[in-house]
Number of protein chains: 2
Amino acid sequence: MAKNTATASRAQRSTGDATRQPTRRERRTLRQEAAVNAAFTLAEREGVAGLTMRRLGQELNVDAAVLYRLFRDKDELLLAVCERTIETIVTEVGEVPGDESWQDTLRRIAEATWQVQTRFPAITTLTFARTTGGPFEARLVELQLATLARSGLAPDQAVLYYRTFVDTSLGLCAHSAALSSLDPEVQEKDATAWTRIYAHLPADEYPATRAHIDHLGSVSRKLLYDTTMEAVISAIERAAAAA
Amino acid sequence: MAKNTATASRAQRSTGDATRQPTRRERRTLRQEAAVNAAFTLAEREGVAGLTMRRLGQELNVDAAVLYRLFRDKDELLLAVCERTIETIVTEVGEVPGDESWQDTLRRIAEATWQVQTRFPAITTLTFARTTGGPFEARLVELQLATLARSGLAPDQAVLYYRTFVDTSLGLCAHSAALSSLDPEVQEKDATAWTRIYAHLPADEYPATRAHIDHLGSVSRKLLYDTTMEAVISAIERAAAAA
DNA sequence: CAGAAATGACAACACCGTTGACATCAGTGT
DNA sequence: ACACTGATGTCAACGGTGTTGTCATTTCTG
């Protein structure tokens, strides 16, 4: 009997009957998603150090111990947050037109990754080096490998340049996110370091620094990112042409 | 009179008379350097989370409170550690032969950065996004700008590609270091994810992943790093040729 | 309707960064 | 030689962290 009702309500869920109250299991995942949502808003509002289990509980009007019934520990919560981030990237990438060149598809992915990093720097800092093994991660990997394959590279080369592309993008996004996640005062100090410190170095010992001092402060992180990703795409083009 | 003795002992220090006991100020910097040294060994032995003020004090056979007389807070200690890391990189770069091409000098710098990151992944993870404003950082910036200038790029372009080079190198090194700094069990999980998860995806929905599965596990991080840095150097070459 | 499962609140543990109070010792000026 | 000032070290404490266990209460199920 128990099995029947469970099966029934699960079948019901797939029909989308909204009047029926959700199963226990459904409630559980609903609450997990609520926790992930709250983690996003909390981390971006309070910074990297502000995302603690107690404050997350506060955000959900619930004791922190409850979170340990939804996630084994904080790390598992972060993995769920990470998977959600990847989902956001996949959504941001959207549909790839059939006639789009593989170069433009890579550009589209790089742009989506950057946009998401810009929107959630604290989350990016906390999760950029993790692997979720979740469905959205798998979809993104598939899209990237399929795109690289379109360049005509042999499988081993395609994999090499896939990882080059991904890790370069991730590394730069994480770097930018880490800078955005520092204390505002430290951030200000770093930003003005060029004019505060480097402009006053002795010109005889630091001629190159002096010669370039006017331009050092005015390179935007986005321009830098685009320049690097174009360099990687060019490298892939040349490797594909050689094959 | 007080001033005279102070001046005397400082002059003495510069003469290198080892029999004389050090000034208070010298003792202070000696202890600071000892703390930085201990921070390195402790962080690499116990991991990122193992570098705490209390344990660092233990390592030095001293109460943790003493450290707050050497550094204002943990962040200032980390900045000192970071400057020391840069010093290590500068040392690793060594003397640049006068007839070396600017490309090879960039390769030399990239290699040194990678080597140091490999040696101290935990420290790299803790400090990669910081700016010290210290003397070794200034020297490294000067060397890199001077090298970029040798390519013949105009100052604004030289600065753009200098930052592209640096941030790409730093981002990739930090990414690698972060992976090396995860719990060994998590690290193992991530490393085997390709065969554990991706090899069992349905082939009809994930054809590209399936087609490349044999190669996915066998890309070394160093090869990936070298590939990216060569891509950046090629981009600089093309930009220089266009100018 | 009784029993089992889920949920929630609370206290507690060990550890963290950081600060303040106090004792001790070394070096200096008179 | 002595008093004194400043550096050094020890200890306890504060508020915070991740995490676990206990216990009551609610909710679902057989």
Side-chain angles (χ1 to χ4, degrees), chain A residues 1-10 12-13 20-32 34-35 38-39 42-43 46-81 122 126 183 186, chain B residues 1-10 12 20-32 34-35 38-39 42-43 46-81 126 183 186:
Chain A
M1 264 306 178
K3 224 164 198 176
N4 281 356
T5 32
T7 312
S9 48
R10 218 183 303 148
Q12 218 165 33
R13 174 172 66 89
R20 198 57 171 164
Q21 59 184 353
T23 301
R24 291 210 220 243
R25 208 188 176 85
E26 287 169 345
R27 273 218 309 264
R28 188 183 145 85
T29 72
L30 274 182
R31 283 156 58 81
Q32 283 175 334
L42 181 59
E46 311 278 346
V48 172
L51 177 54
T52 73
M53 299 302 264
R54 282 180 171 84
R55 296 175 85 158
L56 185 56
Q58 239 176 343
E59 195 81 4
L60 297 163
N61 287 323
V62 119
D63 189 272
V66 171
L67 296 173
Y68 286 85
R69 295 226 174 80
L70 301 175
F71 304 96
R72 185 155 28 84
D73 51 19
K74 191 181 181 180
D75 193 73
E76 195 174 290
L77 187 156
L78 283 181
L79 280 186
V81 168
L126 288 169
D183 298 47
V186 176
Chain B
M1 264 306 177
K3 224 165 196 173
N4 280 356
T5 32
T7 311
S9 47
R10 217 182 302 148
Q12 218 164 31
R20 198 59 171 160
Q21 61 184 350
T23 300
R24 292 208 219 242
R25 208 187 175 86
E26 288 168 344
R27 274 217 307 264
R28 187 183 147 86
T29 71
L30 274 183
R31 283 156 58 83
Q32 283 176 334
L42 181 60
E46 309 278 346
V48 172
L51 178 53
T52 72
M53 299 302 264
R54 282 180 168 85
R55 296 174 85 158
L56 186 55
Q58 240 176 340
E59 194 81 4
L60 296 163
N61 288 322
V62 121
D63 190 273
V66 171
L67 297 172
Y68 288 85
R69 295 225 175 83
L70 300 175
F71 304 95
R72 184 153 30 83
D73 51 20
K74 192 182 181 180
D75 193 72
E76 194 174 292
L77 188 156
L78 282 181
L79 281 186
V81 168
L126 287 170
D183 299 47
V186 176

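Every chain is numbered from 1 and lettered A, B, ... according to where its sequence line falls, protein lines coming before strand lines.
Phosphate proximity of D:dC28 to A:Arg27: present, with a side-chain N or O under 4.0 Å from OP1 or OP2. The phosphate of D:dT20 (OP1 or OP2) has no side-chain N or O of A:Arg72 nearer than 4.0 angstrom.
Residues passing the side chain to side chain donor-acceptor pair (under 3.5 Å) test with B:Glu76, sequence neighbours excluded: B:Arg72. A:Leu126 meets the side chain to side chain contact (heavy atoms under 4.5 Å, CB included) test with A:Val48, A:Leu51, A:Leu78; sequence neighbours excluded. Every residue meeting the salt bridge (Lys or Arg N to Asp or Glu O under 4.0 Å) condition with B:Arg55, not counting sequence neighbours, appears here in chain and number order: B:Glu46. Applying the salt bridge (Lys or Arg N to Asp or Glu O under 4.0 Å) test to A:Asp75 and every residue at least two apart in sequence or in another chain returns A:Arg130.
With hydrogens and angles left out, the side chain of B:Arg54 and the base of C:dG17 share a donor-acceptor pair within 3.5 Å.
Taking atom CD of residue A:Glu76 and atom C1' of nucleotide D:dT19, one finds them 14 Å apart after rounding to whole Å. Between the P atom of D:dG18 and the CZ atom of A:Arg55 lies a distance of 10 Å, rounded to the nearest Å. Between the CG atom of A:Leu77 and the C1' atom of D:dT17 there is a distance of 15 Å, rounded to whole Å. The CG-C1' distance, from B:Asp183 to D:dG18, rounds to 14 Å in whole Å. Atom CG in A:Leu56 sits about 15 Å away from atom C1' in D:dT19, given to the nearest Å. The distance from atom CZ of A:Arg28 to atom C1' of C:dG8 is 15 Å, rounded to the nearest whole Å. The CG-C1' distance, from B:Leu126 to C:dC16, rounds to 15 Å in whole Å. Taking atom CG on A:Asp73 and atom P on D:dT19, their separation rounds to 5 Å, with Å as the unit.
Closest of all the heavy-atom pairs between B:Leu77 and B:Ala39 is CD2-CB, 4.2 Å.
Looking at the side chain of B:Thr52, the nearest of the listed nucleotides C:dA12, C:dC16, C:dT7 is C:dC16. For B:Lys74, the side-chain atoms get nearest to C:dT18 when compared with the rest of D:dC28, C:dT18, D:dT17.
Note on residues 56-70 of chain A: pairs passing side-chain hydrogen bond (donor to acceptor under 3.5 Å, both in side chains), not counting sequence neighbours, are A:Arg45-A:Glu59.
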* To do: Apply side chain to side chain contact (heavy atoms under 4.5 Å, CB included) to the pair B:Val66 and B:Leu60, showing each step before the final yes or no.
  => CA-CA 10 Å; B:Val66 171; B:Leu60 296 163; over 6 Å; no
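Proximity of residues 61-70 of chain A to DNA chain D (heavy atom under 4.0 angstrom from any strand atom) is restricted to A:Ala65, A:Tyr68.
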